Amino acid sequence: MSRTSRLPSSLLRAAACTGIAALTLTACGSGSGSGSASTGSGEVKVGLITKTDTNPFFVKMKEGAEKTAKAEGVQLMTAAGKFDGDNAGQVTAIENMVAAGVKGILITPSDSKAIVPAIEKAKAKGVLVIALDTPTEPQGAVDALFATDNLKAGELIGEYAKAAMKGKTAKIAALDLAPGVSVGVQRHNGFLKGFGATDKDVACAQDTGGDQSKGQTAMENCLQKEPGINVVYTINEPAALGAYTALKAKGREKDVLIVSVDGGCTGTKAVKDGKIAATSQQYPLKMAAEGVKAVVTYAKDGKKASGYTDTGVTLITDKAQDGVASKDTAYGLDNCWG
């Protein structure tokens with residue numbers, strides 16, 4: 001999913017890596033390798049390409065890949081776009097990794113459609129390609145997908161919001177991602193499905209890029225358009241916190257219900273603090289760990305991962321609603337990322 005957020009300097013330092021044109025090589029074993037299944041000089045290489053290298057979701061994903069690569073005795077090469085949506089950077093990263101001899105590539109596509117030709121070229125050269133978090137369009141363009149069921153994630157917060165409104169008429173603001181990004185579309189549609197609404201019921205819709213400052217601006221715009229908004233769906237928790245800031249400036253933070261998706265530690269704490277009513281928590285470390293293991297299996301015996309693997313989602317809230325399964329923020333903080 002496309003996610004953009006501001007990080008403290010300590011986390012930025014921890015997340016730092018090379019730019020899109022160069023690849024950071026994390027040696028998790030000996031030898032330079034060519035992506036073959038043997039050890040020593042032919043040590044297996046695995047590639048990980050994320051949308052950015054600063055978002056805490058992708059920082060955690062990288063950590064999961066590094067830990068698993070080390071445990072499996074393989075090398076991990078990593079790259080990221082300069083910004084969320086940098087398809088050209090991801091194409092360059094794929095080309096560089098294929099040239100370096102990776103056996104498999106794990107990728108969170110910035111542009112679900114535009115990345116497909118580069119993926120097809122990699123697959124034609126025998127590279128296993130697995131999408132993490134964000135499906136390609138078509139989904140079958142990759143060998144496999146390890147991701148949150150983003151439609152379900154949206155449904156959970158939609159069902160929660162509907163129950164929490166207790167029959168009151170809803171005036172909905174949708175703070176979305178960006179046009180054409182599958183994760184954003186799935187979460188948006190899932191929310192509406194869970195709430196029992198359609199796009200005609202949305203009083204205001206704005207794109208935020210998943211960014212906190214853009215989320216604040218979007219909420220300000222929506223309040224100007226429809227001052228009576230009382231339910232806010234957000235693509236992720238940075239956008240939710242931006243919305244909260246705008247609502248607080250208007251003295252509306254206590255009478256507007258905000259729901260979101262991600263389950264990062266900052267966002268989960270915001271649920272605990274009452275800034276966000278509920279969030280759907282997902283698990284990036286698991287996505288990356290399972291992806292690395294799948295490449296190792298392919299390298300060892302030629303067995304390719306295929307289809308879709310759901311890596312799980314949990315509704316997190318301290319204000320449970322009847323008929324909607326959830327866990328409290330104690331559980332959320334134990335399992336958060338970032």
Side-chain angles (χ1 to χ4, degrees), residues 1-15 48 50-68 84 108 132-134 146-150 152-157 160-161 175 177 183 187 190-191 208 210-212 215 232-245 258-291 309-321 324-338:
M1 131 169 111
S2 176
R3 298 168 178 82
T4 306
S5 60
R6 294 191 174 91
L7 300 176
S9 58
S10 60
L11 190 50
L12 280 169
R13 287 194 297 271
L48 172 67
T50 53
K51 294 178 184 178
T52 71
D53 59 10
T54 56
N55 185 297
F57 185 89
F58 300 123
V59 172
K60 182 57 67 175
M61 184 176 282
K62 183 179 175 183
E63 288 176 8
E66 288 172 337
K67 182 178 180 180
T68 307
D84 199 324
T108 59
L132 305 181
D133 176 60
T134 304
F146 294 166
T148 306
D149 184 338
N150 282 291
K152 181 179 178 182
E155 282 187 58
L156 284 173
I157 56 172
Y160 177 88
L175 303 194
L177 185 58
V183 167
R187 292 183 183 184
F191 168 80
T208 68
D211 178 77
Q212 185 164 338
V232 180
Y233 153 78
T234 64
I235 181 62
N236 66 2
E237 292 150 1
L241 289 170
Y244 176 83
T245 300
I258 303 175
V259 292
S260 195
V261 179
D262 262 358
C265 294
T266 299
T268 304
K269 188 176 185 301
V271 175
K272 183 178 181 180
D273 293 342
K275 296 177 180 178
I276 303 172
T279 193
S280 288
Q281 185 172 72
Q282 52 185 342
Y283 305 103
L285 192 150
K286 183 177 181 181
M287 296 176 197
E290 293 301 315
T309 298
D310 184 354
T311 51
V313 63
T314 307
L315 183 71
I316 303 298
T317 184
D318 284 334
K319 297 178 180 178
Q321 299 295 322
V324 184
S326 65
K327 299 281 189 181
D328 63 17
T329 55
Y331 176 91
L333 290 169
D334 283 342
N335 291 278
C336 67
W337 43 267

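The structure presented is a predicted model; accordingly, all values stated were derived computationally and were not measured.
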(request) Please confirm whether the backbone N or O of N150 pairs with a side-chain atom of T148, one donor and one acceptor, at under 3.5 Å? (result) no
(request) Would you mind reporting whether I316 and Y331 have side-chain heavy atoms less than 4.5 Å apart? (result) yes
(request) Output yes when a side-chain donor or acceptor of D318 lies under 3.5 Å from a complementary backbone atom of T329, and no otherwise. (result) yes
(message) Within the structure provided, determine whether R187 and L177 are in side-chain contact (heavy-atom separation under 4.5 Å).
(response) no
(request) Output yes when a side-chain donor or acceptor of D149 lies under 3.5 Å from a complementary backbone atom of D310, and no otherwise. (result) no
(message) Side chains of S280 and Y160: any donor to acceptor distance under 3.5 Å?
(response) no
(message) Checking side-chain polar atoms at under 3.5 Å, does T234 have a donor or acceptor matched by the opposite partner on S260?
(response) yes
(request) Would you check if Q281 and D262 make a side-chain contact, meaning some heavy-atom pair closer than 4.5 Å? (result) no
(message) Using a 3.5 Å distance criterion without hydrogens, assess whether the side chain of E237 forms a donor-acceptor pair with backbone atoms of G264.
(response) yes
(message) I'd like to know if E63 pairs up with K60 as an ion pair, taking the criterion as any Lys NZ or Arg NE/NH1/NH2 lying under 4.0 Å from an Asp or Glu carboxylate oxygen.
(response) yes
(message) Within the structure provided, determine whether F57 and N236 are in side-chain contact (heavy-atom separation under 4.5 Å).
(response) no
(message) Less than 4.5 Å apart, side chain to side chain, heavy atoms only: is that true for E290 and T309?
(response) no
(message) With a 3.5 Å distance limit and no angle check, can you tell me whether T317 reaches the backbone of A277 through a side-chain donor-acceptor pair?
(response) yes
(request) Taking the side chain as every heavy atom from C-beta outward, state whether K272 and T268 have any pair of such atoms under 4.5 Å apart. (result) no
